Amino acid sequence: METVVRVAVPIPAYRCFDYLAPAGVPLESLLPGVRLSVPFGNRIRVGYLIAVVETPGCEVERLRPAAAVLDAAPLLSETDLKLLRWAARYYHHPLGEVIQSAFPVHLREGGGAELARPSGLVLTPAGAALDPATFRRAPVQRRLFEVLRGRERPLPASRLAELAGSGRTVRDAARRLVERGWAEWVDLQDRRIPAVAGPPLQLNPAQLGAVDEISQNLGRYGVFLLEGVTGSGKTEVYIEVIRRVITRGEQALVLVPEISLTPQLERRLRERIEAPLAVFHSGLSETERAAAWLGFQKGEVGVLLGTRSAVFAPMRWPGVIVLDEEHDRSFKQQEGFRFSARDVAVMRARMADIPLVAGSATPSLESIRNVQRGRYVRLVLPARAGAAVAPRYRVLDIRARRLQDGLSEGLIAAMRDTLAAGDQVLLFLNRRGFAPALVCHGCGWVARCRRCDANLVLHARESRLRCHHCAAEHGLPGCCPSCGQEDLRPLGVGTERVDEALRRLFPEVGVARIDRDSTRGRRSLERMLERVQQGEVGILLGTQMLAKGHHFPGVTLVGILDVDAGFYSTDFRAAEHTAQLIVQVAGRAGRGGKPGTVLLQTRHPDHPLLQRLLRDGYPGFAAAELAERESACLPPFGYQALWRAESKELALSMDFLARLREEADGKNGAVHWLGPAPAPMPRQAGRYRAQLWLKSARREELHAVLTDALARLQETPERRVRWSLDVDPVDFY
DNA sequence: AGCACGCCGACT
DNA sequence: GTCGGCGTGCTC
């Protein structure tokens with residue numbers, strides 16, 4: 001009886017494929033999680049061993065032998081695998097693709113066998129007994145021999161190069177020693193990080209209280225929501241917790257929402273933590289990513305700092321997971337395997353029996369709710385003495401006011417005063433480009449994208465019209481393509497237009513515009529931020545890039561140019577998002593003793609949620625918004641899934657979703673269906689998109705319906721429609 | 001997802 | 001007559 005292995009192949013299919021074990025491979029090495037290369041169709045692919053099975057899922061004659069086992073030992077632990085299986089079930093995504101997402105590309109492609117098993121060099125007993133004089137005519141071997149004799153631990157291969165001028169000669173020398181039986185390579189798999197972490201931090205009582213509470217939970221599951229405004233010292237709490245974790249010989253996984261936030265956190269961690277630290281995000285080369293991942297997997301890296309995709313990186317010695325800016329929506333993957341790194345991290349902490357520390361000045365409503373239900377522990381850091389005083393909010397009613405390129409008189413006057421006092425101003429507008437539309441005053445023609453249901457955005461400096469939803473780009477028409485008149489005018493205001501107006505209004509003041517367009521080049525963001533810190537800039541202007549991470553101590557006035565854009569939207573999370581944005585932007589301002597002022601331009605000064613935010617701050621807003629969500633049975637009080645479809649024709653997409661609904665509707669009264677309906681922007685890049693919304697007060701019921709519908713879809717697939725399923729969607733585009 | 005297979009239109 | 005469009009089925 002030959003051994004049969006079940007393999008998850010990374011294809012969009014909800015089933016596994018069985019193979020005969022490769023010839024000559026002992027049963028003990030067929031462990032769940034090892035990578036295999038398998039013949040698949042007429043190609044060779046990398047798959048992941050799920051189990052050794054008794055009875056294959058198809059006729060024995062159809063089984064083909066796997067080509068090879070790629071790992072001597074699984075790179076994923078059983079807990080890792082358990083987490084991935086949970087994620088595949090929860091997000092209803094094919095297991096092979098889910099497992100694949102845990103690996104860096106280098107390993108997905110079957111590479112990295114030598115990287116996968118880092119080795120160290122040790123002397124064999126025969127070698128240890130040698131007389132150094134043996135190496136009279138081989139100085140490099142002799143040097144290597146002496147280093148090895150002086151060590152208790154194996155010498156990592158990665159450190160060979162330090163021993164001589166050329167890495168090449170040392171490796172040759174090492175090979176000689178091994179060939180003669182005087183030294184051998186040993187696996188460093190179990191080498192544990194040294195439990196040294198550097199001196200403890202000086203913390204204030206609140207920070208110390210938080211650290212102690214978390215520390216008491218080391219080695220146990222627990223979620224700690226660390227709430228504190230910018231400058232309240234959340235980072236020190238993370239660092240001290242990590243320091244203590246490292247001292248226990250355990251590792252820390254630190255997740256941030258965006259690459260741009262890694263450098264500053266990396267610097268602060270390196271200053272304070274002596275254990276090896278690695279960074280993992282998409283800005284690195286594949287080789288660097290693989291090295292960081294493997295270092296963490298083997299337990300040689302003490303701290304892994306990464307973005308969303310790092311949430312699955314295996315930990316040899318799980319200690320703690322830190323989730324910075326936990327409310328940030330970037331933690332949700334928006335294509336393919338649509339997981340929430342925040343939710344996966346929580347489940348991971350639970351499965352690994354370790355604490356998770358989630359920090360934010362503006363926690364997500366989900367997390368606040370979990371505190372209320374007693375699932376998370378809330379730890380509050382008050383603003384530190386000497387740090388920025390809480391900002392004053394003021395509403396600027398701009399109804400019936402003439403705006404100058406998006407700026408009201410009141411705002412301009414306040415800016416004048418602030419600049420005259422030698423302080424800096426920060427303006428926030430979440431719309432890049434010069435103007436969001438170009439219209440003809442003769443006939444009303446509007447520049448539209450040919451492939452999307454969207455206006456083209458005017459980028460005046462480059463004289464281009466761009467679609468912000470696809471790659472379309474055009475030059476500026478000299479006259480109206482519809483009526484021929486030469487009266488095309490920009491309508492609406494983007495950051496580029498405000499930038500231009502500011503240079504006119506404040507010619508002596510330096511302006512820094514920070515958005516995706518102005519920070520395109522490498523290091524250009526860094527350079528701009530440097531200019532701001534050095535005081536060369538009086539006015540900072542930007543999109544949400546400004547709301548994240550960076551602190552501007554010289555800023556005492558913040559202007560939010562268009563509050564309404566956020567509060568009035570079909571997306572039920574828009575208000576939450578906007579409130580977070582306002583508080584986050586406000587938090588960039590102010591310095592010791594000098595309170596910042598936040599001016600909000602709005603045409604709806606009486607909007608109840610805005611009022612609530614200004615009167616009671618974020619906690620008050622959150623309470624009000626939670627009450628609304630509860631009465632509407634929206635998350636976190638109800639569960640949702642969004643089924644999206646996309647095809648060449650709207651009817652095709654709609655019909656596909658209608659079929660899904662018809663086949664399942666009525667079978668489960670606990671699940672409510674909305675749609676199918678065209679997406680808010682039905683046509684994008686020439687494809688027609690529709691969506692079907694599922695809601696339920698009971699998660700299990702929702703998931704049962706999804707499982708059921710997917711099973712039917714497997715039987716009768718629809719090939720002309722590309723679809724995706726989004727569990728716990730955060731965006732409804 | 002790829003890839004082969006197969007069936008219909010417009011071309012050297 | 002064929003080249004190639006893409007709808008369909010399959011991958012252990």
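Since the model is a prediction, treat every value here as computed from it, not as a measurement. Order of the sequence lines sets the chain letters (A, B, ...), proteins ahead of strands, with each chain counted from 1.
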Using a cut-off of 6.0 Å, state whether more than 12 heavy atoms not belonging to A:Arg516 lie near its atom CZ. no
More than 12 non-hydrogen atoms from neighbouring residues, nucleotides or ligands closer than 6.0 Å to CZ on A:Arg450, yes or no? no
Are A:Arg712 and A:Asp708 within salt-bridge range, i.e. N to O under 4.0 Å? yes
Checking A:Ser282 now: which residues fulfil side-chain contact (heavy atoms from CB on, under 4.5 Å) with it, not counting sequence neighbours? A:Ile259, A:Arg289
Nearest whole angstrom, please: distance from the P of B:dA1 to the OH of A:Tyr14. 11 Å
Please, which pairs that meet side chain to side chain donor-acceptor pair (under 3.5 Å) have at least one residue in residues 16-30 of chain A, sequence neighbours excluded? A:Arg6-A:Asp18
Check: protein-nucleotides 5-8 of chain B nitrogen or oxygen pairs below 3.5 Å:
none

So CG of A:Leu694 and NE2 of A:His703: to nearest 0.5 Å the spacing works out to 10.5 Å
Whole-Å distance separating the CD1 atom of A:Ile44 from the C1' atom of B:dC3: 15 Å
Could you check how far CD1 of A:Ile99 sits from C1' of B:dA1, rounded to whole Å? 17 Å
In chain order, what residues pass the salt bridge (charged side-chain N to carboxylate O under 4.0 Å, His left out) check against A:Glu78, with sequence neighbours excluded? none
In 5'-to-3' order, the base (B), backbone-only (S) or no-contact (-) status of each nucleotide in nucleotides 5-12 of chain C, using a 4.0 angstrom heavy-atom cut-off, is ---BBBBB
Residues two or more places apart in sequence or in another chain: which of them pass ring-ring contact (aromatic ring centres under 6.0 Å, His included) with A:Trp673? none
